[in-house]
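Everything on this sheet refers to the single structure shown next.
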Amino acid sequence: MAKLAKLDDIVSLCKRRGFIFQSSEIYGGLASCYDYGPLGAELKRNVRQAWWKAVVQMRDDVVGLDCSILMHPMVWKSSGHADKFADLVTVCKKCNTRTRVDHLQDKTDGKGAEEHTEHVNIETEAAKEHNLSNKVCPACQTVGQFGPPMAFKLMFETQMGANADDQMTLYLRPETAQGIFANFRNVLDSTRVKVPFGIGQIGKSFRNEVTTKAFIFRTREFEQAELEFFCKPGTDEEWYEHWKAARFNWYLNLGIKKENLRFRDHDPDELAHYAKACVDVEYKFPFGQGDWQELEGIANRTDYDLRQHQRGMKTMNDWYETKGDLVNIKLKDEDPEYHKGPLSFFDEEAKERYIPYVIEPSAGIDRGTLAFLVDAYDEEEVKGETRSVLRFHPHLAPIKAAIFPLVKKDGMPEIATKLYNDLKGCFTTFYDEKGAVGRRYRRQDEAGTPYCLTIDGQTKEDNTVTVRERDSMEQSRVNIDQVKAYLREKLDL
RNA sequence: GCGGGUGUAGUUCAGUGGUAGAACACCAGCUUCCCAAGCUGGAUACGCCAGUUCGAUUCUGGUCACCCGCACCA
């Protein structure tokens, strides 16, 4: 049974406890932008860390990377984003609704609409004649009252360079993946990795979406954790299954309830042009119509990206000749011997060169963070009172342990402070001596702190402290000198 | 973007064309040897900008933001 029934409850909880705030709130807010508060920042950091540990640190076949957000514009020409990462839209003059041109239906036969299409190629699409006189507005059913088709660009633009002369239009990356492909050669040359291997990266991406809405599920600025796993063509389907299972289990191992998690395979006509297969890991958020929302997509990107960048590398003359006019640059045709190109891999065992295939698990860190938060939330009756508690997996808990003196006298605060100082270098800890101890326990329950350590009268007699466990509220005694080791073991850190 | 709704303290809600109220939460002190106890005291709010008015949190207009639905998107 969902404890948080509506989006409002979640937003309210996030604000009240300092997990997530509206960005620029003192100025009335900025649409689609959110800030992580003290607890949220810790939680999100732990989500990142858990991803990195599972996908990079614990794997012998994956290395990490941290690319710049701004990259050479040709990266986006080669990847297709400069041409295709846009929608051709038109506005209905009657009701002002904006609709994608390729989604409009004919009045007569209801045909002509392409469903689930990817972003269109703006160059060619804009050049085409678009006769919209027979098209129906999906919002108000008016026929043929459309303005001229316009490109709606999904990449944020910015300018680099102080002088007008040497200014260059750059784009905020719409995905972190391309930075990995652009560094494929560097990683190969510097790390002695061999296919099959992966490169993982966590970082911010930006997409100027037409609409956002729904709290932090679709924001224009968001954080991705992406792995590009390079493998020999022919083994790609195997690795696809491998990462499907690995990523699904990652969520389960971090405490997401199984009934709230599922796969959803993409229909063939829903696939991006480069993808051979794609599946979403979805979480059932407890609001709306019990909406299943994507947390992560796992795609088989084939050898598309590396091959495209090989074409891009050959096209640099055009880049200089057109003074960087991406629209008028045409990527050079692919070399017939492309599989021996600069982004190919020489397989020592098979004694052959090839462009590896890529399996890409791409997770939304913000969505994941919220899913963990929502999934951990619980309310229960304790002596007629409602106890609200966040049952985070210990790895994700923003605070690992809280240290209390039972009362603020008899030397207890001194011992507690000493313990706190001893622990804070190893764990995120919290010290509190205010008010009744029961209140302090409950406060930590709401923050999701798995353990509370209380210094009491007995501490001075036998050097033990009370360890109070969040989920069961049970207490046990541990020698003060063994607390650090005890927590390490319990928290599995 | 469209339609509908909302915006008062940290949260959930009252209320008024003339000094803005509660509950819980928070802070300080007292008390307190184990689960939101008690007592005393305290701080904090009418989203923003205009207009009407002697006076606007209240009326009007605009704007910003959020929620629901549609559309869009993954």
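Keep in mind it's a predicted model, so treat the numbers as computed, not measured. In what follows, chains are A, B, ... by sequence order, proteins preceding strands, each numbered from 1.
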Task: G-U wobble or Watson-Crick pairing nucleotide for B:A65 (cut-off 3.5 Å, both distances) - done: B:U6
TODO: Whole angstrom is fine here: how far is it from NZ in A:Lys15 over to P in B:U12?
DONE: 8 Å
Open item on the list: Can you measure A:Tyr451 atom OH to B:C34 atom C1' for me and round it to whole angstrom units?
Closed with: 18 Å
Open item on the list: Can you measure A:Asp35 atom CG to B:A65 atom C1' for me and round it to whole angstrom units?
Closed with: 14 Å
Task: Partner nucleotide of B:A14 by Watson-Crick or wobble geometry (both distances under 3.5 Å) - done: none
Open item on the list: Let me spell it out: for each of A:Lys409 and A:Ile26, pick the nucleotide of RNA chain B with the closest heavy atom. Which residue's pick is nearer the 5' end?
Closed with: A:Lys409
Task: Sugar-phosphate, base or nothing in reach of A:Arg264, heavy atoms under 4.0 Å - done: base
Open item on the list: Rounding to an integer number of angstrom, what distance separates B:A45 and B:A23 when you compare their C1' atoms?
Closed with: 15 Å
TODO: Please name the pair of heavy atoms, one in A:Gly435 and one in A:Arg440, separated by the smallest distance, quoted to 0.1 Å.
DONE: O-NH2, 2.9 Å
Task: Length of the CG-C1' vector between A:Leu13 and B:A25, whole Å - done: 14 Å
Open item on the list: Can you identify which nucleotide, out of B:U11, B:C35, B:C73, has its nearest atom closest to the A:Ser12 side chain?
Closed with: B:U11
- [ ] State which of B:C34, B:C73, B:C26 makes the closest approach to the side chain of A:Tyr441.
- [x] B:C34
Task: Whether over 12 other heavy atoms sit under 6.0 Å from A:Glu489 CD - done: no
Open item on the list: What's the gap between B:G62 and B:G1 when it is taken at their P atoms, as a whole Å value?
Closed with: 15 Å
Open item on the list: Closest approach to the side chain of A:Met473, judged atom by atom: which nucleotide of B:U12, B:C66, B:C35 is it?
Closed with: B:C35
Task: Backbone of A:Glu226 reached by a side-chain donor or acceptor of A:Gln201 within 3.5 Å - done: no
Open item on the list: Out of the candidates A:Ile399, A:Asn46, A:Thr449, A:Leu43, only one should pair with A:Phe392 under the side chain to side chain contact (heavy atoms under 4.5 Å, CB included) rule; please name it.
Closed with: A:Leu43
Open item on the list: Expressed as a whole number of angstroms, how long is the span from A:Glu381:CD to B:A36:P?
Closed with: 13 Å
Task: RNA chain B: 5'-proximal contact among A:Asp410 and A:His266 (nearest heavy atom) - done: A:Asp410
TODO: Give the rounded distance in Å between these two atoms: CD of A:Glu474 and P of B:C34.
DONE: 18 Å
- [ ] Step through it carefully: locate the ring centre of A:Phe217, locate the ring centre of A:Phe285, and say whether they are under 6.0 Å apart.
- [x] yes
TODO: Return the nearest nucleotide to the side chain of A:Leu406; candidates are B:A36, B:C34, B:C66.
DONE: B:C34
- [ ] Give one of base, sugar-phosphate or nothing for A:Ser388, where a contact means two heavy atoms less than 4.0 Å apart.
- [x] base
Task: Any strand: nucleotide that pairs with B:C70 via Watson-Crick or wobble, under 3.5 Å - done: B:G1
Open item on the list: Just to be sure I understand the rule, does A:Phe21 reach a base, reach only the sugar-phosphate, or reach nothing, if contact means heavy atoms closer than 4.0 Å?
Closed with: nothing
Task: Base partner of B:U57, which must satisfy Watson-Crick or wobble distances under 3.5 Å - done: none
Open item on the list: Students often get this wrong, so: under 4.0 angstrom with heavy atoms, is A:Gln475 touching a base, only sugar-phosphate, or nothing?
Closed with: base
Task: Gap between atoms CZ and P, on A:Arg443 and B:C24 respectively (whole Å) - done: 15 Å
Task: Atom pair distance, as rounded to whole Å: CZ in A:Arg470 and C1' in B:C35 - done: 16 Å
Open item on the list: If I take atom CG from residue A:Asp445 and atom CD from residue A:Glu380, how far apart are they, to the nearest 0.5 angstrom?
Closed with: 8.0 Å
TODO: Please give the nucleotide sitting opposite B:A43 as a Watson-Crick or G-U wobble pair, both distances under 3.5 Å, or none.
DONE: none
Task: Closest to the A:Phe215 side chain, choosing from B:U11, B:C67, B:A65 - done: B:C67
